[in-house]
Peer 1: 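Structure provided below as structure tokens; questions to follow.
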Amino acid sequence: GNSVTQMEGPVTLSEEAFLTINCTYTATGYPSLFWYVQYPGEGLQLLLKATKADDKGSNKGFEATYRKETTSFHLEKGSVQVSDSAVYFCALDGSGYALNFGKGTSLLVTP
Amino acid sequence: NAGVTQTPKFQVLKTGQSMTLQCAQDMNHEYMSWYRQDPGMGLRLIHYSVGAGITDQGEVPNGYNVSRSTTEDFPLRLLSAAPSQTSVYFCASSPLTGEGETQYFGPGTRLLVL
């Protein structure tokens, strides 16, 4: 079946540091891949997505590239801010309606 | 647009009590779903619906019932609450146009079962 594995947190970074959160997946076919973000006390919201191999999703300075050869979708940001502190979820959609989520990675950015 | 709304925000139940978690969306989305979020487990799909009158089970359906009588509403029922159902519950919706659609999440309901 489909599954997503992402790096365990928590991740603590200083402001302006470089961020990478690793995500790998197992799926049949060619799923769509997502990063969702959950700010404290809120629901999840889409951060970025990619629907086919070699696509790069980007939003708010975050980027992730759909790498079929390594079955990965790593999230990166060149310079994190305190306001980026949140939980980040990698997810895949292999069915057209149900998402498979990773366990989430908590990020804390300190001033 | 209010998007996806959920009520209540927080609820405490005793073991054996029943309750309904409400979810509504005003985006005319065909697809709606319920997830539960537990520490270290990510989000797991409970039930989903692809349209009014159509529901199906997800990964962890036991102890939960759903129905979909309108496009807008998708309530989740706990018939006899158990401590293992203590969790944060999220409702989501999306258009049903194929893979890659963004799912829109509600703010969540935090449930504590004593």
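Below, chains carry the letters A, B, ... as their sequence lines are ordered, and counting in each starts from 1. Side-chain atoms are counted along with the backbone in the values below, which use heavy atoms only and exclude waters and symmetry mates.
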Peer 1: Hey, quick one: are Phe101(A) and Ile46(B) part of the same hydrophobic cluster, counting side-chain heavy atoms closer than 4.5 Å, chains of contacts allowed?
Peer 2: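 No.
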Peer 1: Is it true that, when you exclude Arg110(B) itself, more than 12 heavy atoms of the residues, nucleotides or ligands shown sit nearer than 6.0 Å to its CZ?
Peer 2: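 Result for CZ/Arg110(B): open.
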Peer 1: Nearest 0.5 Å, what's the CG-CG distance between Asn100(A) and Leu43(B)?
Peer 2: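 One gets 11.5 Å once the value is rounded to the nearest 0.5 Å.
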Peer 1: Taking all non-hydrogen atoms of both residues, which atom of Leu44(A) and which atom of Phe105(B) are closest, and how far apart?
Peer 2: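 Residues Leu44(A) and Phe105(B), closest heavy atoms: O-CB, 3.3 Å.
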Peer 1: Non-hydrogen atoms of chain A under 4.5 Å away: do they reach the side chain of Leu45(B), the backbone, both or neither?
Peer 2: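 Looking at Leu45(B), just its side chain touches chain A.
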Peer 1: Identify which part of Glu8(A) has an atom lying under 4.5 Å from any heavy atom of chain B, answering side chain, backbone, both or neither.
Peer 2: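 For Glu8(A), there is no contact with chain B at all, as no heavy atom is under 4.5 Å.
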Peer 1: Applying a strict under-4.5 Å side-chain criterion to I, L, V, M, F, W and Y, I'd like to know whether Val66(B) and Tyr48(B) cluster together.
Peer 2: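 No, separate clusters.
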Peer 1: Give, as side chain, backbone, both or neither, the part of Glu42(A) having an atom under 4.5 angstrom from any heavy atom of chain B.
Peer 2: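 Looking at Glu42(A), just its backbone touches chain B.
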Peer 1: For chain A, which candidate among Gln37(B), Met41(B), Lys9(B), Gln6(B) shows the most heavy-atom pairs at distances under 4.5 Å?
Peer 2: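 Of the candidates given, the most pairs with chain A belong to Gln37(B).
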Peer 1: When you group the ILVMFWY residues by side-chain heavy-atom contacts below 4.5 Å and let the links chain together, are Ile21(A) and Leu33(A) in the same group?
Peer 2: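 Linked within one cluster.
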Peer 1: State, with a plain yes or no, whether a side-chain heavy atom of Leu99(A) is found less than 4.5 Å away from one of Tyr35(B).
Peer 2: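 Heavy-atom side-chain distance check passes, below 4.5 Å.
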Peer 1: Within a strict 4.5 Å, meaning less than it, do heavy atoms of the Gln103(B) and Tyr36(A) side chains meet?
Peer 2: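 Yes, their side chains come closer than 4.5 Å.
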Peer 1: State yes or no: do Met32(B) and Leu46(A) share one hydrophobic cluster built from I, L, V, M, F, W and Y residues joined by side-chain heavy-atom distances below 4.5 Å, directly or via other members?
Peer 2: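 Shared cluster, no.
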Peer 1: Val113(B), Trp34(B): one ILVMFWY side-chain cluster at the under-4.5 Å cut-off?
Peer 2: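 Val113(B) and Trp34(B): one cluster.
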